[in-house]
Amino acid sequence: MKHFCLFYDYPADFRDRRAPFRGAHLEAANASVARDELQLGGAFTDDPPQGLLLFKGETAAVAEDFAEADPYVVNGVVLSWRVREWTTVVGAGALTKI
């Protein structure tokens, strides 16, 4: 297993724009949590407006598939997104043993 970070870039007014889609976004996120894929997620409190979702899986597809189906992405709340593999080595949830 590996960790993958999904970064979302939002417009300045994303809090208003997300309102109609927030329930569906959270439903998808909670379903991913139940499958033990999504580990943590949320928005940064400072500018620029961005979000970060941490996934666990064998490949980056776990995060990419989530983004491609996410109501925030599908409905234009997210301006752009990207996935990066993250090698975690310290902490209870670290996946790389050293």
Side-chain angles (χ1 to χ4, degrees):
M1 288 291 198
K2 301 175 184 177
H3 277 134
F4 298 92
C5 295
L6 171 59
F7 294 91
Y8 279 170
D9 295 313
Y10 296 123
D13 64 344
F14 86 96
R15 286 180 179 84
D16 295 329
R17 293 176 64 176
R18 75 179 178 188
F21 313 108
R22 193 159 193 215
H25 166 78
L26 293 173
E27 183 177 314
N30 286 321
S32 185
V33 168
R35 294 188 300 273
D36 198 33
E37 297 167 344
L38 180 57
Q39 306 298 295
L40 292 168
F44 293 101
T45 59
D46 58 353
D47 286 329
Q50 294 178 316
L52 171 64
L53 295 92
L54 174 63
F55 289 86
K56 181 173 71 172
E58 294 296 332
T59 69
V62 66
E64 294 164 348
D65 292 348
F66 180 89
E68 289 169 354
D70 186 354
Y72 282 3
V73 173
V74 171
N75 291 287
V77 177
V78 173
L79 298 175
S80 64
W81 59 271
R82 64 203 169 283
V83 174
R84 295 188 65 189
E85 184 176 336
W86 185 29
T87 303
T88 53
V89 296
V90 175
L95 297 176
T96 303
K97 305 304 177 206
I98 54 172

Query raised in the report: So do Phe21 and Val74 actually touch side chain to side chain, heavy atoms under 4.5 Å?
Result: no

Query raised in the report: Of all heavy-atom pairs between Pro11 and Leu79, which one has the smallest distance, and what is that distance?
Result: N-CD1, 3.6 Å

Report task. Taking ring-ring contact (aromatic ring centres under 6.0 Å, His included) as the test, write out the residues that go with His3, two or more places apart. Result -> none

**Report entry** Least distance between heavy atoms, Thr88 atom then Leu95 atom
**Finding:** OG1-N, 3.0 Å

Query raised in the report: How close do Leu38 and Leu54 get, heavy atom to heavy atom, and via which atoms?
Result: CD1-O, 3.4 Å

Requested in this report: Describe, in one word, how the ring planes of Tyr10 and Phe14 are oriented to each other, choosing from parallel (under 30°), tilted (30 to 60°) and perpendicular (over 60°).
Outcome: parallel

Report task. To the nearest 0.5 angstrom, please state how far the CZ atom of Arg18 sits from the CG atom of Leu26. Result -> 8.5 Å

Requested in this report: Look at the side chain of Arg17 and the backbone N and O of Gly76, then say whether any donor-acceptor pair between them is shorter than 3.5 Å.
Outcome: yes

Report task. Ignoring hydrogens and angles, tell me if any N or O in the side chain of Asp70 forms a donor-acceptor pair with the backbone of Tyr72 under 3.5 Å. Result -> yes

Query raised in the report: Which pair of non-hydrogen atoms, one from Pro49 and one from Ala12, has the smallest distance, and what is that distance?
Result: CG-CA, 4.0 Å

Query raised in the report: Does CD in Glu68 sit with more than 12 non-hydrogen atoms of other residues, nucleotides or ligands closer than 6.0 Å?
Result: yes

Report summary line: Output for pair (Ile98 CD1, Thr87 OG1), nearest 0.5 Å, gives 10.5 Å

Query raised in the report: Which pair of non-hydrogen atoms, one from Asp36 and one from Lys56, has the smallest distance, and what is that distance?
Result: OD2-NZ, 2.7 Å

Requested in this report: Count the heavy atoms of every other residue, nucleotide or ligand shown that sit under 6.0 Å from CZ of Arg84, and state whether that count exceeds 12.
Outcome: no

Query raised in the report: In Å, rounded to the nearest 0.5 Å, how long is the span from CD of Glu58 to CZ of Phe4?
Result: 8.5 Å

Query raised in the report: Strictly under 6.0 Å, is that where the ring centroids of Phe66 and Phe55 end up?
Result: yes

Query raised in the report: Are Phe7 and Leu53 grouped together when hydrophobic residues (ILVMFWY) are joined by side-chain heavy atoms under 4.5 angstrom apart?
Result: no

Query - Distance, nearest 0.5 Å, that separates OG1 of Thr96 from CE of Met1 - result: 13.0 Å

Report task. Using modelled atom types only, decide if a donor and an acceptor are shared between the side chain of Ser80 and the backbone of Asp9 within a distance under 3.5 Å. Result -> no

Query raised in the report: Linking I/L/V/M/F/W/Y whenever their side-chain heavy atoms sit closer than 4.5 Å, directly or via other members, would Leu40 and Tyr8 fall into one cluster?
Result: no

